[in-house]
Amino acid sequence: MLLWAARRVVVSLVLIWTVATVVFTVIHLVPGDPAELLLSSGGVAPDPAAVAELRERLGLDRPFLVQYGDFLSRLARGDLGTSMIDDHPIMDEVLLRLPRTLELIAAGAVLAVMIGIPVGTEAALRRGTVFDRATSATAALLLAVPIFVVGTLLVLVFAQWLRWMPAGGYVPLARDPWQHLTLLTMPALAIAKGLVAVVFRMTRAAVLDSLSRDFVRTARAKGLSPARILVHHVVRNAIIPVLTVLALHMGTLLGGTVLVEYVFNWPGLSTPLLKAVEARDYPMVIGIVLTISVLFVALNLVMDLVYAALDPRIRHA
Amino acid sequence: MTPTRRSLLAAGAALPFLRAWPARAQRQTGVLRFGLSSFPPSIQPWVNTGTAAATVKLLIHRGLVSFAPDGSLRGELAEAWSNDSPTSWTFRLRENALFQNGDRVTAEDIRWNLEQMASERSTAYHRAQAQRIARIETPDARTVRIVTAEPMVTLPLWCASYHMMMVSPRSPTGAGSLPVGAGPFVLKGQERGVSLDLEAFDRYYKPGLPRLRGIRMVAYADENLRVAALQAGDVDLIEYVPWQAMASIEADPKLRLDATDGPFMYLVFNATRPHLGDARIRRAIAHAIKREEIVKAAFFGRGSPLEGLPLMPGSAFHDPELASGWRYDPARARALLAEAGVPNGFTTSILATAQYGMHKDTAEVVQQNLAAVGIQAELRLPDWATRVTLGNRGQYDIAVMGTTTENNDPDGLSTLIDGSLAPSFVRSFGLRVPRIEELLAAGRAEFDGGKRRAIYAELQRIALAEAPIVGLAWRSQGYAMTPEVKGFKALGGALNFYSGITLEEASIG
C-alpha cells in the first residue's frame, strides 16, 4: 500500500510540473507584452523607453529558458513570485482570495444538498406524479438556463425591484457577519442552480434504485416503519453516489465560478485570473492556475488513497 | 422545551445575525460611496494605469496646476505661474500647501519630482515631457523656474495632468508603500480588488475643502451591476455609465446623469500595406463611412459623428467647416478610389477587438460601409492585449481605435498624428506627413493665440487631405448619481476623466 501511495504521489507531482510548464509556455506564447499593456492603459501611447525600462525591470528581456529556469527554481521553494502590475506577492493574493471562492462553492454545495436531496427523495417516492414531473422539468430548466441569466435575474428582482438585497459586493465575515451572509446569498444561489439539479437527479435515481433492493423489502417484511426504512435504509444507501458526484462537481466549480464572481462582484480567485490574462500578468496567471491545479490533483489523490484503503482491488490492479 | 448545551451554542452563534431585514450597508454621514469601473491596478502617481486609477489619484494627489470645471487651468500647489521667456516658466507655490505627512511643499520638492520623472530608469507616463526640461531653478522655497530646451507653450497643460502629481520626497519606501500626496483625501485602507477607503485631509490647502468626510470607492467591473448598485442604493455615484442604461437613468427621477462627449473612435492605417500608403485611398475610406450608424449601433445614439480631427466643438481651434471635411459622400469615395487606380475597390482587413463591444460594433459598421464602395475588409477581433501588440508592431491593415486626447489643447493631437514618434497602436503605422510634424512643433512653440489658431487651422486642412487618421464618432462619457450628491461635475471633452477633481467640492445628504 505504501509503495502504491508513493507512486501516486510522484505521479501527482509530475502532473503539477506538467501543468506548470504548459501554463508557463502557453502564456508566454500568447501575443501581448505585459510592459506595453501596463503602460498603455486607457488607450494611450506609452513612451518606448519606459516600456524598455519596465521590460528590463520585470525580467522580460531575458531568454525564455532563463525565465523558465528561474520560475522552476522559485516554485521549488514554494515562491509564486510577485505580480507584474504592482509587485504584490501572488501567494498573498491566492491566500486572500481562495477562501472566498471556496466559501462560495461550499455555500452552493450546502444549498444544493439542502434542496436537492429532500426534493429528489420526494420525487422518487412520488414517482410518476405531477410533483415528480414538475420537479424533474424544473431540474432540466435549471441545467439549461445559463448561470449569467440566473445571476442577472436575481440582481434585477432582489436588488433593483424589491431592493431586499445589495446588488453585489463583498464584506469580510469578521467585519460584518450579517452583511457578509447577505452578500453571499445571491451568488451562492446562482452557483447552486446547476448543482441542485444534479443532486436532485442523482438522489431521485439512487432512491428509486434503493427502493427496489432486497434489503428494503426485508426491512418492510420485518415491520419497520416507512419513515425508518426511508431514512436509515433507503436514503443512507442512496446518498453515497450522490456525495461522490457532488464532490466531483465541486472540483469543476473551482474553475467555473468565473461568471458568478463577475456578475456579483464577489472578489474570489476568478476575477484576478481574468484580469491577469487580459494584462498578461504572467506570474499571476501561472500562480492562480497552478493553485487550482494543485487543489484538483490533491483532491483526486486523496480520493484515490481513500478508495484504495476501502477497496484492496484498486491498489492491486 | 428544556434548553440543551447544543441549543444554547446555536443561539449564541446566531446572535450576530439578529438584525432587521433588509440588510443594506448603511451610508456613514458625509461619506460618499463611489462605484468605480475597475479596481485600480496601481495608484502610483506617475504611471498611467487607467482612468479608475486616475480618479483615485485626483483625490490623493495634487500637481502644480489642474483643470477647473470649465476646462481652464487653475492653480493648485502653485498659486500663480507665468512665462518669463519662450523657454522659461515660473511657478509661485502656495504658502500653505502641505503634504499629507505634514511637510510643507517646497520648490526643492517640485524639482525632485520632475527630476525623478525624467530619470533614465523612470517609468513615468510623462517622462518624455519631463526630459524636455533643460534645468530647474529654485531661487527660494516658493519659486520654481522651469527652463525647457525648446519653447513650450503647453508646459502648464502637462503640469495639470493627473500623471504629473507631486509627492513628498520623504515618502516611505519599500514593498506596499505609496507616495505621500498633497491632495484633499488620504487613503486610509483598501481591500485589494474590492474597495478603497479615503478620509478627508484636514490640513488641505483650500479652506473649507474637502466637504466630504470621506469617500468609499467600490469596484464594479460589470457595467450592468454598477448601474444596478446605483439603482439599488448601494452607491451614490458611478462612473462609465453604459450607453444602454443612460435613457433609463435619465427617466428615473431618483437619479441624475451627467454625460458629455469626450472620448472618440477613429481609424488608423498601416501605410506600408498595399493601397493604404496612398492618401486618396485613406480619404476614400473617410468619405465612405456613415458615422450616424456607428453612433447608433455602438453607442445607442449617445455620441455624435466625428468628420474631422478630434477638436471639440466650442474649442477656440474648432472650425465647423474643417470639422466636417470627411462627411459621408460615397460618390466622392468611389471617385477617389478610381483616381487612385482601384475603381473596383480592393481587399483588406480591419483589426479591432472582441473584448470591447464598442470596438467590435464600430468595426462591423465600417466593414459594411466599405463594402458598399467596393472595399472588402475581413474583420480580425482578437482580445485587447493581442490587438495592442499587433498595433504596436504594425501587423494590421486598418485598425479601429478609441481614446481621448491628453487635454483639450490641439497639441494633444500629436499623440495621434505625429508620425515622427515611435510606433504605437494609437496612431497609424509607417505614415509620416512632414508638414503635420512641422505644424505640431510650431503650434507647441507659438505663444500668440491668433497665430496658434492659424497654425492649427492649416494643420486641420492638411490632415483632411492626408488622412493620417480618420475620425469616426464622439462617444458620450457619463457619470450617474443620486440627487443627494452635490458639487460633482463631469468635465467636458478630453477632460472628462479629470472629473474626479470636483469631488473635493462635492457633498452628500
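These values consider heavy atoms only, across backbone and side chains, with no hydrogens, waters or symmetry-generated copies. Below, chain A is the first sequence line, B the second, and so on; all start at residue 1.
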Step by step, would you call A/Gln67 with A/Leu60 a side chain to side chain contact (heavy atoms under 4.5 Å, CB included)?
CA-CA 8 Å; A/Gln67 293 185 49; A/Leu60 295 167; 4.1 Å; yes
Lys/Arg cation over aromatic B/Tyr396: B/Arg380, 6.0 Å, 45° cone
no
Just wondering, do B/Val400 and B/Leu267 contact through their side chains at under 4.5 Å, heavy atoms?
yes
Chain A heavy atoms under 4.5 Å from [X]: which part of the residue, side chain, backbone, both or neither?
{"X": "B/Ser195", "result": "neither"}
{"X": "B/Glu191", "result": "side chain"}
{"X": "B/Thr386", "result": "both"}
{"X": "B/Ala52", "result": "neither"}

Just by modelled atom types, is the B/Pro382 backbone N or O under 3.5 Å from a matching donor or acceptor in the B/Thr353 side chain?
yes
Using heavy atoms and a sub-4.5 Å threshold, report which of residues 283-290 of chain A line up against chain B, by residue number.
none
Residue, of [options], that accumulates the most heavy atom pairs under 4.5 Å with chain A:
{"options": "B/Ala128, B/Ala54, B/Ala221", "value": "B/Ala221"}
{"options": "B/Arg192, B/Gln231, B/Arg127", "value": "B/Arg192"}
{"options": "B/Arg121, B/Arg387, B/Arg226", "value": "B/Arg121"}
{"options": "B/Asp383, B/Leu230, B/Thr405, B/Ile43", "value": "B/Asp383"}
{"options": "B/Ala228, B/Pro423, B/Ser42", "value": "B/Ala228"}

Could you give me the CA-CA distance, side-chain angles and deciding distance for A/Thr101 and A/Glu261, then say whether side chain to side chain contact (heavy atoms under 4.5 Å, CB included) is met?
CA-CA 8 Å; A/Thr101 296; A/Glu261 289 188 4; 2.8 Å; yes
Between A/Phe24 and A/Phe64, what is the ring plane arrangement, given parallel below 30°, perpendicular above 60°, and tilted in between?
tilted
When the ring centroid of B/Tyr220 is compared with that of B/Phe34, is the distance short of 6.0 Å?
no
For the rings on B/Tyr125 and B/Tyr162, is their centre-to-centre separation under 6.0 Å?
no
Could you list which of residues 388-395 of chain B have a heavy atom closer than 4.5 Å to any heavy atom of chain A, in residue-number order?
B/Val388, B/Thr389, B/Asn392
Which one, A/Arg57, A/Glu56, A/Glu278, A/His88, leads in non-hydrogen pairs under 4.5 Å with chain B?
A/His88
Is A/Asp70 paired with A/Arg62 through a side-chain N to carboxylate O contact shorter than 4.0 Å?
yes
Looking at A/Glu93 and A/Lys275, does any basic side-chain N land under 4.0 Å from a carboxylate oxygen?
no
Part of A/Pro89 lying under 4.5 Å from any heavy atom of chain B
neither
Examine the side chains of B/Glu239 and B/Ser37 and answer whether a donor and an acceptor come within less than 3.5 Å of each other.
yes
Could you report the tightest heavy-atom contact between B/Arg475 and B/Met265, atom names first, then the distance?
NH1-SD, 3.6 Å
Minimal heavy-atom distance between A/Ala159 and B/Ala232, with the atoms involved, is O-CB, 3.4 Å
Determine, stepwise, if the pair B/Thr415 / B/Arg427 fulfils side chain to side chain contact (heavy atoms under 4.5 Å, CB included).
CA-CA 7 Å; B/Thr415 314; B/Arg427 49 185 169 261; 4.0 Å; yes
A/Thr25 vs A/Tyr68, side chain to side chain contact (heavy atoms under 4.5 Å, CB included): CA-CA, chis, key distance, verdict
CA-CA 8 Å; A/Thr25 309; A/Tyr68 177 65; 5.6 Å; no
